[in-house]
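One structure is given here, and the rest of the page talks about it.
Starting from 1, each residue takes its place in the sequence as its number.
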Amino acid sequence: MRTSSRVVSVNVGLPRLVSWNGGEVSTGIFKEPVEGRVALRRLNLEGDRQADLSVHGGAAKAVYAYPLEHYAFWREELGQELPFGAFGENLTVDGLPLEQEIAVGDRLRVGTAVLVVSQPRLPCYKLGLRFGRRDMVKRFLASGRTGYYLAVEAEGEVGAGDRIESLALDPARIPVAEITRVYASDRDDVAAMERLIALDALPEDWRGYFEDMALRARSR
């Protein structure tokens, strides 16, 4: 991690109704930068909510961080300017290890809060809604530029410009990108699934998912 790792932007938003496929859906993916200090609680940031709590939010997905380093790729790929928060992230961050390096269970101090890396962001169709592109979910996963969710170990406050400090590295060193790889492409890699199942820092629902996945892979 660079010594200059920092929060570039804090982004929040409340659910809104959006037209999609001839109907209306409620989504909290539209985030906008906010100034000043923002309270960071166990389940979300102050002023931020998710629409569908069956797949979004919860303690293991309290905060979504997206690297500033990916913005240049997407500006070129999509041919458009992108404001901070464009990917629905709460924190646009600069200088943190990317998905291939940062590991599930790594602990960070962000502002006055302590956060723990929990899992990659695997988007639903609402990412396509956000960009007006039906292929966006596929492109997002294929790029490997998923960002990652963080759980809140200790509540605090965060603001743009805050330093991000590495507090502890998870000893298993299983990167966030490994979950995406097994989930999205290498669905017969039972050895990797077993490592993920044994990873205490990985949320229980993910470990259960990989247990089922490993059973199916072995039976093929």
Side-chain angles (χ1 to χ4, degrees), residues 1 28-29 40-45 48-67 70 87-91 93 96-110 113-127 137-138 140-155 164 166-220:
M1 184 187 298
I29 197 170
L40 206 166
R41 306 302 184 203
R42 292 286 178 183
L43 296 180
N44 49 35
L45 283 79
D48 191 63
R49 296 289 185 277
Q50 296 80 32
D52 185 355
L53 296 179
S54 66
V55 291
H56 301 293
K61 297 180 180 179
V63 180
Y64 175 43
Y66 200 73
H70 294 336
F87 297 91
E89 77 270 20
N90 301 115
L91 303 178
V93 296
L96 283 178
L98 300 182
E99 295 85 348
Q100 294 78 14
E101 183 181 351
I102 199 163
V104 175
D106 285 354
R107 296 171 66 244
L108 308 169
R109 187 182 306 282
V110 183
V114 177
L115 308 181
V116 182
V117 178
S118 63
Q119 57 194 291
R121 190 269 193 91
L122 301 178
C124 68
Y125 72 94
K126 291 177 181 177
L127 184 68
V137 171
K138 183 178 180 180
F140 190 80
L141 285 175
S143 77
R145 295 167 170 84
T146 62
Y148 35 85
Y149 284 110
L150 301 142
V152 179
E153 183 177 290
E155 296 181 348
I164 303 175
S166 175
L167 297 179
L169 301 179
D170 188 83
R173 304 312 304 146
I174 296 181
V176 165
E178 180 73 346
I179 299 167
T180 309
R181 178 185 71 82
V182 177
Y183 171 84
S185 57
D186 295 327
R187 302 177 70 86
D188 291 318
D189 191 343
V190 175
M193 293 174 206
E194 289 175 345
R195 290 193 295 272
L196 292 168
I197 293 164
L199 181 59
D200 290 339
L202 189 64
E204 187 175 341
D205 58 346
W206 266 115
R207 287 190 282 161
Y209 176 84
F210 285 122
E211 284 180 354
D212 292 342
M213 198 172 169
L215 283 173
R216 291 195 297 271
R218 291 189 189 98
S219 67
R220 286 198 284 270

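The line from CG of Asn90 to NZ of Lys61 is 13.0 Å long, rounded to the nearest 0.5 Å. To the nearest 0.5 Å, atoms CG (Leu215) and CE (Met193) are separated by 10.0 Å. Put simply, CD1 on Ile197 and CZ on Phe210 are 8.5 Å apart, with the number rounded to the nearest 0.5 Å. Remark: Leu202 CG to Ile179 CD1 distance equals 4.5 Å, nearest 0.5 Å. Leu169 contributes atom CG, which lies 9.0 Å from atom CG of Leu108 (distance to the nearest 0.5 angstrom). Rounding to the nearest 0.5 Å gives a distance of 6.0 Å between CG of Leu45 and CG of Leu91.
Closest approach of Ala113 and Leu40 over heavy atoms only: CB-CD1, 4.2 Å. Minimum interatomic distance between Ser118 and Ala151 (heavy atoms only, all atoms of both residues): OG-N, 4.3 Å. For the pair Gly58 and Leu43, the tightest heavy-atom approach, listed with the atom from each and the gap, is C-CD2, 3.8 Å. The minimum heavy-atom distance between Pro123 and Leu141, with the atom names listed, is CD-CD2, 4.1 Å. The minimum heavy-atom distance linking Gly147 with Val176 is given by the pair O-CG1, 4.1 Å. Closest heavy-atom contact between Arg42 and Ala154: NH1-N, 4.1 Å.
Salt bridge annotation for Glu211-Arg218: absent, with no cationic side-chain nitrogen under 4.0 angstrom from a carboxylate oxygen. Glu178 and Arg181 are joined by a salt bridge, as a carboxylate oxygen and a charged side-chain nitrogen come within less than 4.0 angstrom of each other. A salt bridge links Asp106 with Arg173: the distance from a Lys NZ or Arg NE/NH1/NH2 to an Asp or Glu carboxylate oxygen falls below 4.0 Å.
Judged purely by atom type and a 3.5 angstrom limit, Asp189 uses its side chain to pair as donor or acceptor with the backbone of Ala192. Judged by distance alone, the side chain of Tyr66 and the main-chain N or O of Arg145 form a donor-acceptor pair under 3.5 Å. Side chain of Thr146 to backbone of Pro120: no donor-acceptor contact under 3.5 angstrom is found. Looking at Glu89, its side chain does come within 3.5 Å of a backbone N or O of Phe87 through a donor-acceptor pair.
Side chains of Asp188 and Arg220 form a contact here, defined as non-hydrogen atoms less than 4.5 Å apart. Between Ile164 and Arg109, the closest side-chain pair of non-hydrogen atoms is not below 4.5 Å. Side chains of Leu122 and Val137 form no contact here, defined as non-hydrogen atoms less than 4.5 Å apart. With contacts defined as side-chain heavy-atom distances shorter than 4.5 Å, the pair Pro175/Leu98 does not qualify. Under the 4.5 Å side-chain criterion, counting only non-hydrogen atoms from C-beta, Val152 is not in contact with Arg41. Contact annotation: the side chain of Arg107 never approaches that of Val117 to less than 4.5 Å [non-hydrogen atoms, C-beta and beyond]. Considering only heavy atoms from C-beta on, Glu99 comes within 4.5 Å of Pro67 through its side chain. Side-chain contact between Asp200 and Arg207 is present, with at least one heavy-atom pair separated by less than 4.5 Å.
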ask   = Does the side chain to side chain contact (heavy atoms under 4.5 Å, CB included) test come out yes or no for Tyr64 and Tyr148, once each step is laid out?
value = CA-CA 6 Å; Tyr64 175 43; Tyr148 35 85; 5.9 Å; no
Exercise for the section: Carefully, step by step, assess Glu101 and Leu96 under the rule side chain to side chain contact (heavy atoms under 4.5 Å, CB included). Expected result: CA-CA 9 Å; Glu101 183 181 351; Leu96 283 178; over 6 Å; no
Is there a side chain to side chain contact (heavy atoms under 4.5 Å, CB included) between Leu115 and Glu153 once you walk through the steps?
CA-CA 5 Å; Leu115 308 181; Glu153 183 177 290; over 6 Å; no
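A cation-pi contact links Arg121 to Phe140, judged by a cut-off of 6.0 Å to the six-membered ring centre and 45° from its axis.
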